[in-house]
Amino acid sequence: MALTKEIMGGRLIDGPFVRTSKMFMNQRLGMVKKNQFLVRPVLVPLQQIRRQEQVRRAVKVPPVAVISEEIMKANSNTSLPGKAVKFKVRALVTVRNKHKEDLKETIVKRLDALTDNIIGRNVVLELISTEVDPKSKEPKRSKGAALRDWSKKSKIKAERVHYTAEFTVDSDFGVPGAITVSNKHQQEFFLETITIDGFACGPVHFPCNSWVQSKKDHPEERVFFSNKPYLPSETPAGLKALRDKELSNLRGDGKGVRKKSDRIYDFDVYNDLGNPDKGNHLVRPRLGGKAIPYPRRCRTGRLPMDSDINAESRVEKPTPLYVPRDEQFEESKQITFSNGRLRAVLHTLIPAIKASISADNQDFGSFSDIGVLYKEGLLLKVGLQDEIWKNLPLLKAVNKIQESGEGQLKYDTPKILSRDKLAWLRDDEFARETVSGINPVSIERLRVFPPRSSLDPEIYGPLESVLKEEHILGHLNGLSVSQALEENKLFMIDYHDIYLPFLDRINVLDGRKAYATRTIFFLTPLGTLKPIAIELSLPPAGPNSRSKRVVTPPVDATGSWIWQLAKAHVCSNDASVHQLVHHWLRTHASLEPFILAAHRQLSAMHPIFKLLDPHMRYTLEINALARQNLINADGVIESCFTPGQYSMEISAAAYRNFWRFDKESLPADLIRRGMAVPDPTQPHGLKLLLEDYPYAQDGLLIWSAIENWVRTYVEHYYPDSSTVCNDKELQAWYSESVNVGHFDLRDADWWPKLATSEDLTWILTVLIWLASAQHAALNFGQYPYGGYVPNRPTLMRRLIPEENDPEYANFLADPQKYFLLALPNVLQGTKLMAVIDTLSTHSPDEEYIGERQQPSIWTGDAEMIEAFYDFSAEIQQIEQEINRRNGDPSLRHRCGAGVLPYELLAPSSGPGVTCRGVPNSVTI
């Protein structure tokens with residue numbers, strides 16, 4: 001703080017919310033309106049001011065430059081009517097340092113410091129006015145000003161380093177609306193903020209948050225706009241050409257191979273998942289196009305494969321895939337992700353070595369074998385405590401890691417075991433997780449009994465289910481089936497149609513066996529669900545083949561083990577649909593086109609870009625990493641999930657047959673699944689038919705908060721339909737998102753129109769909901785629930801034996817062994833556990849809903865900053881309500897003996913695997 005005072009020569013007001021000048025404080029109190037500097041004061045109730053201040057105290061704000069009253073006075077005294085005079089203004093520039101530098105970076109950094117000091121190869125800024133020079137018809141520009149003391153401060157180890165620059169401008173320069181940055185150093189640097197001090201309007205803030213490349217790599221100077229938002233039609237004359245040019249640069253020309261330092265956003269199909277150059281077993285179909293519709297992903301421009309010119313060449317880890325430079329993980333995020341990947345490698349390495357050396361496939365021999373992973377570590381579990389293994393050189397090094405006590409080879413105990421180690425065996429927990437577990441979005445109300453298929457009967461056999469009333473009648477608490485349907489007491493999870501078309505191919509894969517399942521649940525008088533029947537379907541082998549069977553709750557020991565196997569197959573179906581459809585497709589993949597189009601079509605000064613910006617963070621990077629390691633041929637998903645090499649085809653089938661953007665809002669999705677009905681008398685405009693539905697209960701609170709915030713924001717800039725229709729950037733963004741990013745479904749009649757402010761509010765609310773709360777609900781419980789393999793097996797290796805099957809005798813003789821042999825083996829299980837542990841982890845730099853970088857200056861619109869603080873306060877109140885619900889014993893799906901509270905939609909979290917927290921964006 002003292003350093004900044006010295007630099008700026010002005011006052012700094014300490015406190016949780018920094019008032020950057022008298023003028024800015026007047027803005028806080030309602031004295032400044034959009035496009036005006038001074039208007040009549042508006043009285044604000046004292047209680048409201050106090051409440052707003054309480055919210056601000058919860059938000060950390062970085063120091064910003066404060067206007068120097070001496071500079072203002074000097075400027076005003078030297079301004080003579082009719083004559084422009086020169087005066088000086090200052091810039092405070094904040095650069096973020098790297099925590100760790102490799103040797104090359106350190107050498108180049110010192111070289112830059114040396115050349116900056118000796119030959120003036122430095123960083124130069126230039127101010128650009130919002131006004132045009134009447135003579136040249138070009139924007140008014142200051143002369144270039146170099147950052148001071150770069151060399152002196154090159155050894156500062158602080159996270160942020162502040163530099164200054166001084167400009168000389170004419171008194172008729174106007175207000176700066178943009179600033180250019182030229183980096184003449186050899187190395188990029190991360191520019192966080194620039195604050196210009198000395199203009200009569202008060203400090204002008206430039207939130208940059210971007211990597212500035214060296215001119216040797218990117219000759220063009222970088223342009224940053226001030227935080228003042230402008231619709232395209234309101235763009236000041238001095239900024240119009242710059243606005244268009246910057247968007248053109250971000251779009252690129254669609255040609256060439258992208259390099260790491262590029263900032264170009266473009267579209268491409270998923271033609272990079274396979275690796276045909278390494279063999280036919282790694283050939284995968286192209287996703288995206290008429291044959292297999294799919295959303296588009298970020299273009300990299302890599303050269304084609306040698307064996308298939310339509311397939312893009314692979315880049316294998318640790319070489320990164322291209323994403324625009326500012327989309328790449330920041331350092332703390334990268335460290336967290338890399339540490340998780342190291343753990344994953346170590347966790348996978350040992351079983352892989354053992355499996356390659358030993359004929360034993362290393363199956364789990366007992367449930368206690370799985371428990372050893374959390375207590376004693378991986379080496380003991382796979383038998384590497386034996387001398388023969390310890391003497392292997394590689395394993396000696398790994399053994400030292402385990403003996404060091406750092407815990408790299410031990411797994412954290414999943415939350416599902418933390419309160420009741422046997423919970424996973426119980427039917428009530430199996431049912432509870434359908435509404436408050438990691439996949440609460442598959443359950444639907446049963447509206448017709450027996451359920452029917454919509455598949456082609458010529459191909460897949462009779463449409464009718466083999467479920468009969470006698471299968472469920474004894475579990476309906478005295479109700480008839482028709483009464484239970486009328487009273488909304490029956491629910492279902494139906495994976496029949498999504499799985500059956502793939503079963504012939506899946507079940508011939510080595511070590512893969514699956515059914516297409518349907519599970520029926522009954523809503524008990526206590527308000528809890530219980531499973532009452534499971535239908536298991538296989539493709540018909542012939543006209544008289546018995547391809548379907550029904551399993552019901554057990555009445556004897558044999559039935560108990562068959563029932564457990566049936567539930568395991570349901571969980572395996574559920575795990576794949578959760579991961580490939582609800583999680584990957586509906587949040588990661590479907591959002592990527594909207595993000596690409598936003599950067600290509602919406603200027604950084606566009607108010608809608610400013611609204612969406614925190615909800616796009618890291619998504620392109622994590623999606624690229626998924627294409628490289630998770631959803632690729634022979635990647636984690638194919639290795640550890642039952643569908644294997646057909647996994648992404650299942651995802652694509654869901655996109656073609658199921659995904660609809662108009663049904664992606666939470667209310668629309670709940671109504672589509674029959675879990676709610678429209679009811680304008682209810683707070684959210686609908687009534688839940690299953691009242692104790694934690695995901696929906698908490699989700700509706702967050703959905704409404706987002707919707708209210710977005711509506712306030714949209715109506716502030718779009719008072720009528722004409723402003724929406726005439727916004728060329730906004731219309732281009734939505735058109736490109738649909739017609740290019742979702743090209744294969746562009747002609748669907750269900751796409752919402754964008755003609756009114758209400759249309760825009762709905763579209764933006766859906767995007768923010770999907771990026772934040774929906775993704776959080778589907779992602780951050782993966783390890784807490786799936787880290788114990790029997791609770792949520794992602795892969796099944798055995799069908800359920802029938803009495804005439806050869807395996808039936810083995811099943812009767814040792815049902816526990818048969819059950820464990822049906823689950824993933826040690827290599828598959830530990831590999832998955834390691835990966836979902838990483839995917840369930842919050843990084844230290846996570847930004848949660850209700851938070852923003854530079855919360856007081858992300859926009860120059862004081863009224864919208866105030867509205868955002870109101871939104872933050874509402875999010876805090878929602879968290880308190882969620883905490884209250886988790887302590888309510890009447891809500892048995894989230895409270896009770898051994899029952900995990902539902903915290904996946906609790907907005908805040910610390911770093912690590914917490915099973916809670918709602919980040920702003922899809923960051924992992």
Side-chain angles (χ1 to χ4, degrees), residues 34-35 128 130 139 177-178 206-207 209-210 222-254 263-267 296 298 324 326-327 591-616 620 661 710-711 713-743 746 751-768 771 858-861 864:
K34 181 176 174 235
N35 296 330
I128 301 176
T130 57
F206 295 79
N209 299 307
S210 180
R222 282 295 307 278
V223 177
F224 296 97
F225 298 104
S226 77
N227 64 350
K228 185 171 178 60
Y230 295 103
L231 295 175
S233 60
E234 298 170 344
T235 309
L239 302 181
K240 285 183 178 179
L242 278 177
R243 182 173 187 150
D244 292 340
K245 183 180 179 183
E246 176 68 1
L247 283 175
S248 177
N249 290 340
L250 291 169
R251 286 193 283 267
D253 60 6
R263 296 171 56 247
I264 295 177
Y265 298 78
D266 205 352
F267 299 91
R296 298 303 188 257
C298 183
D326 290 337
E327 305 303 319
L591 285 175
E592 186 158 350
F594 290 95
I595 293 171
L596 290 169
H599 286 282
R600 289 166 53 84
Q601 303 296 343
L602 295 175
S603 166
M605 66 177 80
H606 198 292
I608 299 305
F609 185 89
K610 292 181 181 293
L611 174 70
L612 287 176
D613 189 33
H615 305 289
M616 302 187 290
L620 298 185
F661 186 69
V710 171
R711 179 173 285 109
Y713 192 91
V714 166
E715 291 179 352
H716 181 70
Y717 295 102
Y718 298 94
D720 51 51
S721 298
S722 63
T723 51
V724 174
C725 294
N726 294 329
D727 186 334
K728 63 178 184 179
E729 286 184 10
L730 183 72
Q731 294 295 333
W733 162 68
Y734 187 59
S735 175
E736 187 171 69
S737 298
V738 174
N739 294 314
V740 180
H742 288 276
F743 178 84
R746 69 193 185 282
W751 283 104
K753 305 297 182 185
L754 179 52
T756 68
S757 60
E758 191 58 34
D759 294 340
L760 180 57
T761 296
W762 189 91
I763 291 167
L764 295 172
T765 302
V766 169
L767 295 176
I768 294 173
W858 62 271
T859 177
D861 192 325
M864 289 302 96

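These figures come from a predicted structure and were not determined experimentally. Index from 1, following the sequence.
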*Looking only at non-hydrogen atoms, find the nearest pair between Gly238 and Ile128 and report the distance.*
O-CG2, 4.2 Å
*For residues Ser603 and Glu729, determine if any side-chain heavy atom of one lies less than 4.5 Å from a side-chain heavy atom of the other.*
yes
_With sequence neighbours excluded, residues passing side chain to side chain contact (heavy atoms under 4.5 Å, CB included) with Phe661_ = Phe594, Trp659, Trp750, Trp751, Pro752, Trp762, Ile763, Val766, Leu767
*Qualifying salt bridge (Lys or Arg N to Asp or Glu O under 4.0 Å) pairs with a residue from residues 603-613, counting only residues at least two apart or across chains*: none
*Please check if the side chain of Ser248 supplies one atom and the backbone of Asp244 the other of a donor-acceptor pair under 3.5 Å.*
no
*asked:* For Met605 and Leu239: C-alpha separation, side-chain torsions, deciding distance, then whether side chain to side chain contact (heavy atoms under 4.5 Å, CB included) applies.
replied: CA-CA 10 Å; Met605 66 177 80; Leu239 302 181; 4.2 Å; yes
*Flag the pair His606 / Trp733 as yes when at least one side-chain heavy-atom distance between them is below 4.5 Å, and no otherwise.*
no
*Please tell me if the side chains of Pro324 and Leu620 come closer than 4.5 Å, counting only heavy atoms from C-beta onward.*
yes
*asked:* Looking at Glu592 and Cys298, would you say the former's side chain and the latter's main chain have a donor-acceptor pair under 3.5 Å?
replied: yes
*What residues, two or more places apart in sequence or in another chain, satisfy side chain to side chain contact (heavy atoms under 4.5 Å, CB included) together with Asp326?*
Ser210, Trp211, Arg222, Arg263
_Student check: side-chain heavy atoms of Thr723 and Asp727 closer than 4.5 Å_ = no
*Any chance you could lay out the side chain to side chain contact (heavy atoms under 4.5 Å, CB included) test for Glu758 and Arg711, step after step, and finish with the verdict?*
CA-CA 8 Å; Glu758 191 58 34; Arg711 179 173 285 109; 2.7 Å; yes
*Approximate separation, where rounding is to 0.5 Å, of Glu715 CD and Leu760 CG*: 10.5 Å
_Side-chain heavy-atom pair Tyr718, Leu231 within 4.5 angstrom cut-off_ = yes
*Considering only heavy atoms from C-beta outward, does the side chain of Val740 approach that of Pro593 to under 4.5 Å?*
no
*asked:* Minimum heavy-atom separation for Pro236 and Thr130, please, with both atom names.
replied: CB-O, 3.3 Å
*Out of curiosity, Ile264 CD1 to Asn249 CG, how far, rounded to the nearest 0.5 Å?*
8.0 Å
*Is the shortest heavy-atom distance from the side chain of Ser757 to the side chain of Tyr717 under 4.5 Å?*
no
*asked:* With a 3.5 Å distance limit and no angle check, can you tell me whether Gln731 reaches the backbone of Val724 through a side-chain donor-acceptor pair?
replied: yes
*Just do the side chain to side chain contact (heavy atoms under 4.5 Å, CB included) check on Asp861 and Asn227 with the steps written out, would you?*
CA-CA 8 Å; Asp861 192 325; Asn227 64 350; over 6 Å; no
_According to side chain to side chain contact (heavy atoms under 4.5 Å, CB included), who are the partners of Ala237, at least two apart in sequence or on a separate chain?_
Val132
_How long is the straight-line distance from NE2 of His615 back to CD1 of Ile595, given to the nearest 0.5 Å?_
11.0 Å
*Working for side-chain hydrogen bond (donor to acceptor under 3.5 Å, both in side chains), residues Asn739 and Ser735*: CA-CA 6 Å; Asn739 294 314; Ser735 175; 3.0 Å; yes
*Will you find, in the side chains of Ser722 and Asp720, an N or O donor that is under 3.5 Å from an N or O acceptor?*
yes
*Phe267: partners by ring pair (Phe, Tyr, Trp, His ring centres under 6.0 Å), with sequence neighbours left out*: none
*Dump the intermediate steps for side chain to side chain contact (heavy atoms under 4.5 Å, CB included) on Met616 and Phe609, then the final yes or no.*
CA-CA 10 Å; Met616 302 187 290; Phe609 185 89; 3.7 Å; yes
*If you take all heavy atoms of Lys240 and Thr235, which pair is closest and at what distance?*
CE-O, 3.2 Å
_Identified side chain to side chain donor-acceptor pair (under 3.5 Å) partner of Tyr265 from the options Arg600, Glu327, Gln601_ = Glu327
_Both conditions, 6.0 Å and 45 degrees, for the charged tip of Lys228 above the ring of Phe225: are they met here?_
no
*Is the shortest heavy-atom distance from the side chain of Ile608 to the side chain of Leu764 under 4.5 Å?*
yes
*Identify, with sequence neighbours excluded, every residue that meets side chain to side chain contact (heavy atoms under 4.5 Å, CB included) alongside Ser721.*
Thr756
